[in-house]
*Asks:* 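Mind having a look at this structure? Questions to follow.
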Amino acid sequence: MRLQQPPRQASLPQGLASEAFRAEACGLTAETSESVGGLAEALARAAQLLEARPALAVRQAREILAAIPGQPEAMRLLARAQWAAGDPDGAAETLRRLTTADPRDAAAWRQLAELLQALGDAPGADGAHLSAVEAGVNDPLLAQAALALRAERLAPAEAALRQRLKAEPTDVAAIRMLAEVAARLGRYEEASVLLARCLELSPSFHEARRAYAQVLQRQERPLEALAQAERLMAIDAKNPNHGMLMASILARLGDHAGAIGLYEDLLDRYQRQPKGWMSYGHALKTIGRRADAVAAYQRALGQAPQLGEVWWSLANLKTHRFAPADIAAMQAQLARDDLNEEDRLHLDFALAKALEDEGDFAGAFAEYAKGNAIRHAQLRHAAAGISDQVARTRRLFTPEFLAGRRGAGCAARDPIFIVGLPRSGSTLVEQILASHSQIEGTMELPDMLAIVQRLDRPPGSRRGDAYPEAIADVSPDELAALGGDYLTRTRAHRQTGRPLFIDKLPNNWLHVGLIQLILPNATIIDARRHPLGCCLSGYKQHFARGQAFSYDLANIGRYYRDYVGLMAHFDAVSPGKVHRVIYERMVADTEGQVRALLAHLGLPFEDACLRFWTNDRPVRTASSEQVRRPIFDDGVDHWRNFEPWLGPLKAALGPVLDAYPDAPAGL
């Protein structure tokens, strides 16, 4: 292909000129009569001529190559000078000669990619970027970053990668690795921006596309993740990594039949996939195929007995009992010196559940404490930040503030929000309501949090500190638009034509005020359970993501107290807006509580709501197996078995504990 020549004064593509000025620091060697210092000096002189006198830079580079044929730095310099002098064909040919002579020269491949991209040869640039990635296995800086990543030393990995990208901003291998660092640190927005840039430079970088889809999933952007997975499947549908990714996204979108079909096909062809068997087990559990889920988890453990997440998945069924041999196997894995933190904490939680079922409450609490300590150190929950947000919300949402916005927002009454703390009986309430012919149960939807994040960090802002005060600046039309946006975002999760649907994300209690403004006709249900029972149950639960407050007894007690305080505030400023369901009352008088709940929703009573356990809808939460049985009262006072160790929790709850189920005066 004949490359079109740019005008004589064309400027260098970004990143091409700057590297030349670093030639002196490249550690060159030459087996000629010239000294290393002399070669570096000659390269530096030629580099200084690049922009002002590129033709002279070409001549000087050729003189160096006449003395040292094939010298890599001189050839890269020659290519830059040729491009600057208006000879892009010559520059491309020089780089092709260099990469042919040494295919491991990642820097030359990157330079060729950038040159071809600037000249509009996107496929050629894509291929050169991929060759640079392959050659990068020999790159000392990338190898150093990879070793740091493997050892979870994220700070030095990030520093090394940023150093590389400052020098070579189009190094797609470094961009992808930096995105991995960002994702591991929970900076998913940053990771997605980096990976989008990576794919802009090299659309065929399939590893980056797979990582992009995974990050989009973690950002709760499943439709965008699906689009990336579909591109990968179109390229190679038989690739097990692509198939596993697609199956996980389909499961997230509620297409459980599609997900299970993919898992079964993949596991039939690639049977030694312990994490694949685990994911298959998750999908089976969600649709209620408990025995098949257990078999899949056990298949995974047969291949990788150290996988703590699989042990915890069995424990998290809540109805599964471990045999003595299972307990011994978990203890043996925990005795290993080479067990990583993730496997260890999952095993701690699973062993704790096994010991609890055996009646060894002291041993169980010790294991729960170990697992919680690991996760607490990793997540570093900011308890004061939650308390501050609650105080600011209470100051903002006065009766006058709400009255001034009456009539604003989106009028749709579709959503039913179930809020509170995890493990409060919210899945039970959801299952009862989802058994009604007018209500669809979906899942814990992230979409209200996405709206909060948009308000919290306006365009151009570097910090997230504008919410909740930013709500005061939102016009009535904008409030309606936000409500409409929520309905649009959640449409992908609605699989039936029922008019009402449930969003069961418990953390939305923090945003009850915002919900009232943007969706004034939505229903808000507060599912509440005895503070010791609820908080201990949360402490015993390892959550797949989020809920950072739950890994420390004092933190979870303070969080519960903040929640009760904010709900009491909204009871005062918007009486009757929030309908409260007390778990212990639901257990003692199910029919009475269900009738009251449906009356609040303006719906007729249906017997199916009392036979909720016969509803075969998918359930993703930790209570999935429990809500497939009739109501039982075993869990109401189960916390008493652990009361000797609950001192920090009681102290953090303060007067909230004694006042339950009401809020204490003056909270």
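Numbers for residues simply follow the sequence, beginning at 1.
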*Asks:* Can a donor-acceptor pair be found, under 3.5 Å and without considering hydrogens, that links the side chain of Glu478 to the backbone of Ser475?
*Replies:* yes

*Asks:* Is a donor on one side and an acceptor on the other found under 3.5 Å between the side chain of Asn508 and the backbone of Val419?
*Replies:* no

*Asks:* I'd like to know if Arg218 and Glu189 make a salt bridge, using a cut-off of under 4.0 Å between side-chain N and carboxylate O.
*Replies:*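 Salt bridge absent between Arg218 and Glu189.
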
*Asks:* Would you call Glu444 and Lys504 a salt bridge, taking side-chain N to carboxylate O under 4.0 Å as the test?
*Replies:*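 Between Lys504 and Glu444 there is a salt bridge, with a charged N closer than 4.0 Å to a carboxylate O.
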
*Asks:* Partners of Glu309 by salt bridge (Lys or Arg N to Asp or Glu O under 4.0 Å), sequence neighbours excluded?
*Replies:* none

*Asks:* Give me the atom names and distance for the closest heavy-atom approach of Tyr212 to Ala196.
*Replies:* OH-CB, 3.9 Å

*Asks:* Could you walk me through whether His511 and Tyr467 satisfy the ring pair (Phe, Tyr, Trp, His ring centres under 6.0 Å) test, starting with their C-alpha distance in whole Å, then the side-chain angles of each, then the deciding distance to 0.1 Å, before giving a yes or no?
*Replies:* CA-CA 10 Å; His511 314 300; Tyr467 182 86; 5.4 Å; yes

*Asks:* For Leu396, enumerate each residue passing the side chain to side chain contact (heavy atoms under 4.5 Å, CB included) test, keeping only those at least two apart in sequence or located in another chain.
*Replies:* Phe401, Pro468, Ile471, Ala472

*Asks:* Please determine which of Arg164, Arg184, Arg187 meets the salt bridge (Lys or Arg N to Asp or Glu O under 4.0 Å) test together with Glu158.
*Replies:* Arg187

*Asks:* Answer yes or no: is there a donor N or O on one side and an acceptor on the other, between the side chain of Ser192 and the main chain of Leu216, under 3.5 Å?
*Replies:* no

*Asks:* Counting C-beta onward and ignoring hydrogens, is there a side-chain heavy-atom pair between Leu500 and Thr523 closer than 4.5 Å?
*Replies:* no

*Asks:* May I ask you to decide whether Arg210 forms a salt bridge with Glu207, counting only side-chain N to carboxylate O separations under 4.0 Å?
*Replies:*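 No salt bridge links Arg210 with Glu207.
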
*Asks:* If only atom types and distance count, is the side chain of Arg209 paired as donor or acceptor with the main-chain N or O of Ala229 below 3.5 Å?
*Replies:*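 No, Arg209 side chain to Ala229 backbone: no donor-acceptor pair under 3.5 Å.
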
*Asks:* State which residues pass ring-ring contact (aromatic ring centres under 6.0 Å, His included) with His376; sequence neighbours excluded, sorted by chain then number.
*Replies:* none

*Asks:* What closest approach, in Å, do Cys198 and Val172 show between heavy atoms, and which atom pair accounts for it?
*Replies:* SG-O, 3.4 Å

*Asks:* Under 4.0 Å between a side-chain nitrogen and a carboxylate oxygen: does that hold for Arg375 and Glu342?
*Replies:*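 Yes, charged N to carboxylate O under 4.0 Å.
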
*Asks:* Which pair of heavy atoms, one from Gly538 and one from Phe543, lies closest together, and at what distance?
*Replies:* O-CE1, 3.7 Å

*Asks:* Fit a plane to each ring of Tyr551 and Phe349, take the angle between them on a 0 to 90° scale, and name the class: parallel (under 30°), tilted (30 to 60°) or perpendicular (over 60°).
*Replies:*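 Ring orientation, 0 to 90° scale: perpendicular.
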
*Asks:* Given 3.5 Å as the limit, does a donor-acceptor pair link the side chain of His530 with the main chain of Pro661, or not?
*Replies:*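 Answer holds: no.
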
*Asks:* Would you say the side-chain atoms of Asp447 pair up with the backbone N or O of Tyr486, donor to acceptor, closer than 3.5 Å?
*Replies:* no

*Asks:* Describe, in one word, how the ring planes of Phe549 and Tyr559 are oriented to each other, choosing from parallel (under 30°), tilted (30 to 60°) and perpendicular (over 60°).
*Replies:*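 Parallel.
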
*Asks:* Between Arg252 and Glu220, does any side-chain N to carboxylate O distance fall below 4.0 Å?
*Replies:* yes

*Asks:* Return the minimal non-hydrogen interatomic distance between Ala251 and His256, and the atom names on each side.
*Replies:*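 Smallest heavy-atom distance, with atoms named: O-CE1, 3.4 Å.
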
*Asks:* Which residues satisfy the ring-ring contact (aromatic ring centres under 6.0 Å, His included) test with Tyr539, sequence neighbours excluded?
*Replies:*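 Partners of Tyr539 under the ring-ring contact (aromatic ring centres under 6.0 Å, His included) test: Phe365.
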
*Asks:* For Ile518 and Met448, run side chain to side chain contact (heavy atoms under 4.5 Å, CB included): C-alpha distance rounded to whole Å, both residues' side-chain angles, the deciding distance at 0.1 Å, then the answer.
*Replies:* CA-CA 10 Å; Ile518 70 174; Met448 190 57 62; 3.9 Å; yes

*Asks:* Can you tell me if Ser426 uses its side chain to pair, donor with acceptor, with the backbone of Pro422 under 3.5 Å?
*Replies:*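 No: the side chain of Ser426 does not pair with the backbone of Pro422.
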
*Asks:* Enumerate the side-chain hydrogen bond (donor to acceptor under 3.5 Å, both in side chains) contacts for residues 572-582, please, sequence neighbours excluded, ordered by first and then second residue.
*Replies:* Gln516-Ser574, Asp526-Arg580, Asp571-Arg580

*Asks:* Between the side chains of Ser424 and Arg529, does any donor sit under 3.5 Å from an acceptor?
*Replies:*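 No, Arg529 and Ser424 have no side-chain donor paired with an acceptor closer than 3.5 Å.
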
*Asks:* Under 3.5 Å, is there a donor-acceptor pair between the side chain of Arg489 and the main chain of Ala450?
*Replies:* no

*Asks:* Would you please name every residue forming a ring-ring contact (aromatic ring centres under 6.0 Å, His included) with Phe205, sequence neighbours left out?
*Replies:*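 For Phe205, no residue satisfies ring-ring contact (aromatic ring centres under 6.0 Å, His included) once neighbours in sequence are set aside.
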
*Asks:* Whether Arg162 and Glu190 form a salt bridge (side-chain N of Lys/Arg under 4.0 Å from carboxylate O of Asp/Glu) is what I want to check.
*Replies:*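 Yes, Glu190 and Arg162 are salt-bridged.
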
*Asks:* If you measure only the distance, is there a donor-acceptor pair under 3.5 Å linking the side chains of Lys318 and Gln541?
*Replies:*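 The answer is yes; a qualifying pair exists.
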
*Asks:* Does Leu487 offer a backbone N or O that forms a donor-acceptor pair with the side chain of Thr490 under 3.5 Å?
*Replies:*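 Flag set: sc Thr490 to bb Leu487 pair under 3.5 Å.
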
*Asks:* Does Ala492 offer a backbone N or O that forms a donor-acceptor pair with the side chain of Gln495 under 3.5 Å?
*Replies:*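 Between the backbone of Ala492 and the side chain of Gln495 there is a qualifying donor-acceptor contact (under 3.5 Å).
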
